[in-house]
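Beneath this line is the structure, given in structure tokens, with notes to follow.
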Amino acid sequence: MSAKIGRRAFLSMSAIGLTSTLAGCLGLGATAPVTYDLTPGAPAPVAPRSNRTIVVREPATISTYDTQRIVVRQPGGVLSYLSEAQWSDTLPMLVQTRMLQSFRDAGVTNIGKPTDPIALDVILSTDIRAFELDTTAGGAMARVALAIQLVSDRSRTVIASQTFSADVPSPSLDQANVVAALNSALDAILRQMVQWTAARI
């Protein structure tokens, strides 16, 4: 019993220490959050195997990520947000915009959103599995994971599916460093995703 109590006391003190650190970095009580954008770099040019049109749907995700707020995962499964920072749009909308930008920057022009007046051949569906700063291991790790499906609009069958993930350490809990690390993680994923998709369309 004493061993369990000692371990609980240690975990409680660790949690208190991390919470105190995060409290300063999360800017508790702040009223005017700084707005950040996601700006992935241009991927290498690609050559799709066909001229089929790809329609990129708005990514699906849990409500935790369906917001402009930047998620922080703390020990014990606690989820919080950077209160002094926010994205320039809700995360799914922002990721959809940057996905389209990455394809076009790579030379893929037969692509658009569901609302665009274009023919529909292939649907690109995305599930945001993770988009957060993970502090559970004691450090600060930007973690992004996207699950991608290519679906034929004609047959409604899955052409291919793949999950892409990237972890990028943040040098501190400072909001600018956190955003830069998350941006780098997304950039790494989008570069892979463009190459992967072009090889299958």
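The residues of the chain are indexed from 1 along the displayed sequence. Below, each value reflects all heavy atoms present in this structure, side chains not excepted, and no hydrogens, waters or symmetry copies.
Salt-bridge check for Arg98 with Asp37: passed, with a basic side-chain N closer than 4.0 Å to an acidic carboxylate O.
Atoms CD and CD1, from Glu84 and Ile70 in turn, are 11.0 Å apart once rounded to the nearest 0.5 Å. Rounded to the nearest 0.5 angstrom, Arg200 CZ and Ile159 CD1 are separated by 11.0 Å. In this structure, the separation between CG on Asn110 and CD1 on Ile54 is 5.5 Å, given to the nearest 0.5 Å. Summarising the geometry, atom CD1 belonging to Ile189 is positioned 4.5 Å from atom CG belonging to Leu146; distances are rounded to the nearest 0.5 Å. Note: Ser80 OG to Arg73 CZ = 10.0 Å, rounded to the nearest 0.5 Å. From Leu38, atom CG reaches atom OG of Ser184 across 10.5 Å, with rounding to the nearest 0.5 Å.
Contact between Pro43 and Asp105 at its shortest, heavy atoms only, is CD-CB, 4.0 Å. Among all heavy-atom pairs drawn from Ala140 and Ser172, the shortest one is CB-O, 4.2 Å. Scanning both residues, Thr53 and Ile111, for their nearest heavy atoms gives CG2-N, 4.5 Å. Pairing each heavy atom of Pro59 with each of Pro92, the nearest pair is CD-O, 3.1 Å.
In this structure, the side chains of Arg57 and Thr126 stay at 4.5 Å or more apart for every pair of heavy atoms. Proximity of Val179 to Trp87: side-chain heavy atoms (C-beta onward) are separated by under 4.5 Å at one or more points. Within the 4.5 Å cutoff, no side-chain heavy atoms of Asn183 are placed close to those of Tyr36.
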| said: With side-chain hydrogen bond (donor to acceptor under 3.5 Å, both in side chains) as the criterion, how do Thr35 and Gln86 come out once you've worked through the C-alpha distance, each side chain's angles and the decisive distance to 0.1 Å? | reply: CA-CA 5 Å; Thr35 299; Gln86 65 179 10; 2.9 Å; yes
| request: Any chance you could lay out the side-chain hydrogen bond (donor to acceptor under 3.5 Å, both in side chains) test for Glu132 and Tyr65, step after step, and finish with the verdict? | output: CA-CA 8 Å; Glu132 63 195 32; Tyr65 303 121; 2.5 Å; yes
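At least one donor-acceptor pair under 3.5 Å links the side chain of Gln192 to the backbone N or O of Ala188. A donor-acceptor pair is defined here as one N or O able to donate and one able to accept, closer than 3.5 Å; no such pair exists between the side chain of Asp187 and the backbone of Pro40. Side-chain atoms of Gln96 come within 3.5 Å of backbone atoms of Val56 as a donor-acceptor pair (strictly under, hydrogens ignored). Judged by distance alone, with hydrogens and angles left aside, the side-chain atoms of Asn177 form no donor-acceptor pair with the main-chain N or O of Pro171 at under 3.5 Å.
For CZ of Arg52, the number of neighbouring non-hydrogen atoms (other residues, nucleotides, ligands) closer than 6.0 Å is greater than 12.
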